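Reading through the structure tokens given below for one structure.
Chain letters run A, B, ... following the sequence lines, proteins first and then strands; every chain starts at 1. Keep in mind that what you see is a predicted model, and the values were worked out from it rather than measured.
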Protein chains: 2
Amino acid sequence: MKLDPRHLEILAAVVDNGGVTEAARAIGKSQPSLSRTITLLENRVDRPLFASNKRPLVPTEFCLQLAAEGRKILKANHAAGEIVSSYKSGRSGAVRLAGTPFFMDGVISGMIATFQTLHQDIRIDQSYCYPLDVFADLRNGVLDLGIIPIRASEVPDDMTFDQILRGRNVIACRAGHSLTRKSVVRLNDLTSYPWIAPPVDSPLYHDLRAGLEGIGVKHFKISFTGGSLSAVINVLSESDALTVLPYSVVFRMRPQNRLTALSIRIGDPERHLGILTLTNNRLEPAAKRLMNYITTEFKSLSAIIHHHEQNELWRK
Amino acid sequence: MKLDPRHLEILAAVVDNGGVTEAARAIGKSQPSLSRTITLLENRVDRPLFASNKRPLVPTEFCLQLAAEGRKILKANHAAGEIVSSYKSGRSGAVRLAGTPFFMDGVISGMIATFQTLHQDIRIDQSYCYPLDVFADLRNGVLDLGIIPIRASEVPDDMTFDQILRGRNVIACRAGHSLTRKSVVRLNDLTSYPWIAPPVDSPLYHDLRAGLEGIGVKHFKISFTGGSLSAVINVLSESDALTVLPYSVVFRMRPQNRLTALSIRIGDPERHLGILTLTNNRLEPAAKRLMNYITTEFKSLSAIIHHHEQNELWRK
DNA sequence: TTATTAATATAACCCAAAGTTATGAAGTTG
DNA sequence: CAACTTCATAACTTTGGGTTATATTAATAA
């Protein structure tokens with residue numbers, strides 16, 4: 001005997017409200033509607049649900065048992081509604097984001113941490129990849145947000161790019177490096193130190209080569225390559241090696257006092273950090289929330305960096 | 001956000017069966033029907049339930065959460081179905097029956113006890129009343145079965161009477177009463193003992209008066225009246241008093257060896273014990289079951305009584 | 001009993017949607 | 001890329017839930 005779960009819901013409402021009139025008011029339907037549903041259900045189960053000829057409807061034992069099941073259905077259905085609105089409002093959900101490793105580890109992961117203290121029910125799946133992979137993953141739907149440095153002209157037609165930070169790479173070295181004491185850094189200074197290279201397929205690596213060549217540096221020795229940001233930082237801070245890093249990453253590590261940036265800009269000044277999304281793929285509210293959060297965080301980060309530059313770095 | 005519980009049921013089925021095709025087979029509907037339900041639900045919740053462009057349908061996190069609720073609904077609904085078929089088959093239910101107190105206590109209650117060991121899920125609401133009340137209670141639906149002694153001509157038009165035992169009242173006294181040793185009981189013998197009268201509004205009381213007057217007894221002293229069967233039995237067995245009881249009641253108490261019946265029939269030979277029901281009121285299967293049980297029990301009781309009469313009582 | 005009141009049942013209608021079959025489109029697999 | 005499987009769409013029918021208006025009926029008061 002297969003029943004309509006809606007009928008059981010209504011039955012529960014009628015029993016719990018002591019009659020069809022009240023129940024109708026309670027669930028926002030008309031009295032005749034409920035009345036007929038009850039009759040229909042009675043026919044289905046081939047048995048009366050309420051004592052006949054009683055005006056404050058008095059449920060039979062049988063009816064009470066069914067109503068109990070109806071109550072369970074009502075409860076589960078309500079829970080489902082809660083889930084939906086929780087996702088709708090972005091209180092729950094899952095966001096899949098990916099980005100270049102050094103940015104992710106150096107800046108984004110910290111932001112994600114604070115974001116998650118605010119939204120425990122939003123799950124974040126973070127992965128690392130370079131622009132070309134981000135394009136592919138966004139397109140086949142395994143990714144919601146991509147955080148990458150890119151030139152405006154490189155943004156594919158089907159994607160939207162929201163810039164969050166002006167791109168700027170710097171040459172980084174350990175705090176207290178002898179180069180930091182020089183007021184002017186010459187090319188010779190750069191080539192005399194070993195270099196740590198980011199992963200070879202990363203934009204940073206490209207910037208390293210192109211940037212150094214751009215300022216006339218042709219030959220330089222690479223002492224270490226690959227690995228994660230923390231590996232690079234470790235090597236960098238324990239040696240006199242140089243590397244190229246996004247300035248924001250260096251800036252964020254300022255409190256640790258392990259590295260510093262030389263006042264030499266390097267890399268493509270047209271490439272900026274931003275969030276890449278599929279234009280036609282309406283974002284989950286949760287993803288939108290995270291995106292907004294990161295955007296505003298970067299706004300204040302930019303402001304602080306700007307302020308800092310005015311007061312300290314360039315005054316040196 | 002109010003969802004259709006049927007949609008959640010179907011969602012659960014699809015998730016649990018790994019696709020619409022299998023789910024459709026499982027719940028006995030067409031594949032397009034489920035497919036469209038899913039799309040409809042997706043529109044309602046304004047969010048995809050399955051990853052797009054995947055052929056063995058892969059549910060989203062969100063979908064899984066909703067499906068979990070759907071599973072609860074499915075379960076409750078199934079339980080409701082079980083309740084219905086349990087009532088349908090008469091395995092569960094409630095039976096309200098009433099009858100004259102002495103019959104109920106003396107015969108019926110014992111039968112109910114054994115019936116309930118067979119059907120624990122059938123609740124029995126027993127009460128006591130006399131024919132006129134039984135008529136009324138059957139009519140206003142507070143009673144399913146009435147077990148009363150009645151003449152065929154007295155059965156109301158709207159009721160059905162199924163005889164279960166030929167009526168016969170006897171004069172009862174304690175076992176070992178001096179009257180039992182007399183081969184012939186004369187009127188004088190009857191009037192010289194005190195009488196215990198059943199409740200004044202009972203048929204038995206009427207039988208007592210009418211019966212004694214019928215055989216010429218005009219004056220007799222009543223030493224005790226009212227109370228329940230057990231009170232009457234107690235008084236009867238501790239004294240030399242006489243009373244009128246249904247023979248079946250006396251017979252059933254035979255094993256206790258507390259009372260015995262004199263070989264004098266008394267009362268209305270046209271009035272028989274039977275089960276009274278409303279003709280147009282289809283009985284609950286549970287009630288029908290109890291009715292059948294009582295009927296067959298009485299059949300064997302009659303047979304035993306008959307056998308017993310042939311061999312013992314009337315041979316004295 | 002009868003009149004009043006409140007609750008429920010019925011009627012007649014409309015429309016959303018569930019069910020169907022037939023068919024098209026899109027992944028998956030060899 | 002061809003074959004296969006699985007899902008989506010189209011077009012149509014039918015069920016039944018929603019509505020308002022109205023009739024019944026039970027409880028209550030007079």
Nearest to the A:T37 side chain among C:dT8, D:dG18, C:dT20, which nucleotide is it?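 Side chain of A:T37 sits closest to D:dG18.
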Given C:dG19, C:dA18, D:dG18, which nucleotide is nearest the side-chain atoms of A:I10?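 Nearest to the side chain of A:I10 among the choices is D:dG18.
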Is any side-chain nitrogen or oxygen of [X] closer than 4.0 Å to OP1 or OP2 of [N]?
{"X": "A:H7", "N": "D:dG17", "result": "yes"}
{"X": "B:T21", "N": "D:dT6", "result": "no"}
{"X": "A:S33", "N": "D:dG17", "result": "no"}
{"X": "B:S35", "N": "D:dC7", "result": "no"}

Between [N] atom [atom2] and [X] atom [atom1], what is the distance in whole Å?
{"X": "A:R25", "N": "C:dT8", "atom1": "CZ", "atom2": "C1'", "value": "14 Å"}
{"X": "A:L34", "N": "C:dT10", "atom1": "CG", "atom2": "P", "value": "15 Å"}
{"X": "B:F50", "N": "D:dT6", "atom1": "CZ", "atom2": "C1'", "value": "13 Å"}
{"X": "A:K29", "N": "C:dC15", "atom1": "NZ", "atom2": "P", "value": "19 Å"}
{"X": "B:N43", "N": "C:dA18", "atom1": "CG", "atom2": "P", "value": "12 Å"}
{"X": "B:I27", "N": "C:dT20", "atom1": "CD1", "atom2": "P", "value": "10 Å"}
{"X": "A:I38", "N": "D:dG18", "atom1": "CD1", "atom2": "P", "value": "12 Å"}
{"X": "B:L41", "N": "C:dA16", "atom1": "CG", "atom2": "P", "value": "19 Å"}

Side chain to side chain donor-acceptor pair (under 3.5 Å), paired with B:N77, selected from B:E82, B:K72, B:E9: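 Looking at B:E82, B:K72, B:E9, the match for B:N77 under the side chain to side chain donor-acceptor pair (under 3.5 Å) is B:E9.
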Per the atom types in the model, does the base of D:dA8 pair as donor or acceptor with the side chain of B:Q31 at under 3.5 Å?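 Counting by modelled atom types and ignoring angles, a donor-acceptor contact under 3.5 Å is found here.
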Quick one: the side chain of A:R36 and the base of D:dG16, do they pair up donor-acceptor inside 3.5 Å?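 No.
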Applying the side-chain contact (heavy atoms from CB on, under 4.5 Å) criterion to B:P149, which one of B:F103, B:Y130, B:F102 satisfies it?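 Of the listed residues B:F103, B:Y130, B:F102, the side-chain contact (heavy atoms from CB on, under 4.5 Å) partner of B:P149 is B:F103.
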B:R271 and B:D207 ion-paired at < 4.0 Å: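 Between B:D207 and B:R271 there is a salt bridge, with a charged N closer than 4.0 Å to a carboxylate O.
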Remember a base hit wins even if backbone is also touched, and classify B:L40 as base, sugar-phosphate or nothing at under 4.0 Å, heavy atoms.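 Contact class for B:L40: sugar-phosphate only.
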Using a heavy-atom cut-off of 4.0 Å across all strands, would you classify B:L57 as base, sugar-phosphate, or nothing?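 Sugar-phosphate: the residue B:L57, judged by heavy atoms under 4.0 Å, touches backbone atoms but no base.
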5′-ward residue of the pair B:R44/B:S30 relative to DNA chain C: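 The residue whose closest nucleotide sits nearer the 5' end is B:R44.
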Do B:R47 and A:Y87 meet the cation-pi criteria used here (NZ or CZ under 6.0 Å from the six-membered ring centre, within 45° of the axis)?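 No; the conditions do not both hold, so B:R47 does not lie above the ring face of A:Y87.
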Map A:R6 and A:P32 onto DNA chain D by nearest heavy atom, then report which one ends up closer to the 5' terminus.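 Upstream on the strand: A:R6.
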Please determine whether the number of non-hydrogen atoms from other residues, nucleotides or ligands lying under 6.0 Å from atom NZ of B:K88 exceeds 12.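 It does: B:K88 NZ has more than 12 such atoms within range.
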